[in-house]
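Quick note: numbers below take in every heavy atom, side chains included, and nothing from hydrogens, waters or symmetry partners. Every chain is numbered from 1, with letters handed out A, B, ... down the list of sequences.
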There are 2 protein chains.
Amino acid sequence: MNKNYSRAIPEPWRDISAVFAALGDEHRQRILLSFEPGERLNVGQIAEVSTLARSTVSHHLKVLREAGALLAEREGKEIYFRVNKVFLQDIFGKVTSYLDTFL
Amino acid sequence: MNKNYSRAIPEPWRDISAVFAALGDEHRQRILLSFEPGERLNVGQIAEVSTLARSTVSHHLKVLREAGALLAEREGKEIYFRVNKVFLQDIFGKVTSYLDTFL
DNA sequence: TATTCATATCGATGATGATCGATATGTTTA
DNA sequence: TAAACATATCGATCATCATCGATATGAATA
């Protein structure tokens with residue numbers, strides 16, 4: 001048993017901690033699943049198909065972006081978000097190999 | 001864009017929804033990381049190394065178990081938990097291939 | 001520069017979750 | 001059956017998060 005409960009969380013888990021928390025919310029899952037491959041969407045587009053207020057969608061997008069799941073780039077007045085596929089693939093790959101090796 | 005925001009969450013995501021929520025909590029991550037490969041631990045052992053009350057540890061173990069991340073089996077007075085490695089590998093494998101294909 | 005538009009941030013409220021001690025449930029053993 | 005032990009559940013409290021409308025920030029355009 002690993003008795004040092006309060007030790008630092010291992011690196012592959014540290015990165016994914018925010019991702020887990022971000023994807024633990026159903027609205028954020030639905031937002032993520034609104035994206036088609038390679039697609040970019042802005043707040044207005046997502047707010048339109050969602051059941052949430054614009055400011056609420058903006059909040060969830062911030063959480064997803066800070067977790068690394070989304071990338072944002074301003075283009076004129078709009079800010080376009082896209083799925084950070086490479087990051088997510090890397091994260092889940094690390095978790096998978098951590099699972100294989102240590103758990 | 002997938003405009004049917006309120007549609008059913010795709011199957012590979014539905015199963016993992018609870019896993020994400022469960023692993024989004026740092027205490028539950030620490031509990032999971034207390035297990036060594038193939039090891040079985042009971043509430044008392046985990047409560048001893050953690051900073052939480054026994055009832056709180058019990059609560060977190062319930063969340064992890066209901067999410068599928070842990071399996072529980074009673075053995076006399078104690079209830080032993082172990083990491084459901086196969087389930088987690090399956091889940092993260094599904095998420096990875098969903099990522100590759102649809103996002 | 002003033003206006004319009006898109007998004008972010010703020011402040012307040014309500015809901016959900018974490019936490020604990022106390023109590024209940026279930027199991028072994030005297 | 002009574003006592004001791006391990007864990008689960010209950011009830012209350014506290015903290016965190018989701019949510020919204022209103023306001024602020026930033027960018028394009030008249």
Does anything in [range] come within less than 4.0 Å of DNA chain C? Heavy atoms only, and list the residues if so.
range: residues 54-67 of chain A; value: A:Arg54, A:Ser55, A:Ser58, A:Lys62
range: residues 24-36 of chain A; value: none
range: residues 38-52 of chain B; value: B:Leu52

When you compare the side chain of [Y] with that of [X], does any pair of heavy atoms fall below 4.5 Å?
X: A:Arg82; Y: A:Glu73; answer: yes
X: B:Leu23; Y: B:Leu32; answer: yes
X: A:Thr96; Y: B:Gln89; answer: no

**Along DNA chain D (nearest heavy atom to each residue), the more 5'-positioned of A:Arg74 and A:Ala21** = A:Ala21
Which atoms form the tightest heavy-atom contact between [X] and [Y], and what is the distance?
X: B:Leu103; Y: A:Phe35; value: CD2-O, 3.5 Å
X: A:Tyr5; Y: B:Leu52; value: OH-CD1, 3.9 Å
X: B:His27; Y: B:Thr51; value: CE1-OG1, 3.8 Å
X: A:Val49; Y: B:Met1; value: CG2-CE, 3.3 Å

**Prompt:** At under 4.0 Å between heavy atoms, what does A:Tyr80 touch on the DNA or RNA strands: base, sugar-phosphate, or nothing?
**Reply:**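 No contact.
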**Message:** Looking at B:Glu48 and A:Lys3, is there a salt bridge between them, counting it only when a charged N and a carboxylate O are closer than 4.0 Å?
**Reply:**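 Salt bridge: no.
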**Request:** Give a yes-or-no answer on whether the side chains of B:Glu26 and A:Ser17 include a donor-acceptor pair shorter than 3.5 Å.
**Result:**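 No - no donor-acceptor pair under 3.5 Å links their side chains.
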**Request:** Evaluate the ring planes of A:Phe92 and B:Phe20, with Trp represented by its six-membered ring, and classify them as parallel (under 30°), tilted (30 to 60°) or perpendicular (over 60°).
**Result:** tilted
**Request:** Return the set of residues passing side chain to side chain contact (heavy atoms under 4.5 Å, CB included) with A:Ile79 (not counting sequence neighbours), or none when no residue passes.
**Result:** A:Ala72, A:Arg74, A:Phe81
**Request:** Would you please name every residue forming a side chain to side chain contact (heavy atoms under 4.5 Å, CB included) with A:Phe102, sequence neighbours left out?
**Result:**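 Partners of A:Phe102 by the side chain to side chain contact (heavy atoms under 4.5 Å, CB included) criterion, ordered by chain and then number, come out as A:Tyr98.
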**chain B footprint on DNA chain D, 5' to 3' - any atom under 4.0 Å from a heavy atom** = D:dC5 to D:dT9
**Test side chain to side chain contact (heavy atoms under 4.5 Å, CB included) applied to A:Phe87 and A:Asp90, A:Val83, A:Ile91, the passing residue** =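 Of the listed residues A:Asp90, A:Val83, A:Ile91, the side chain to side chain contact (heavy atoms under 4.5 Å, CB included) partner of A:Phe87 is A:Ile91.
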**Request:** On DNA chain C, check which nucleotide each of B:Gly76 and A:Phe81 is closest to and give me the residue with the more 5' one.
**Result:** A:Phe81
**Request:** Report the distance from atom CG of A:Leu70 to atom P of C:dT7, rounded to the nearest whole Å.
**Result:**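 So the CG-P distance, A:Leu70 to C:dT7, works out to 14 Å.
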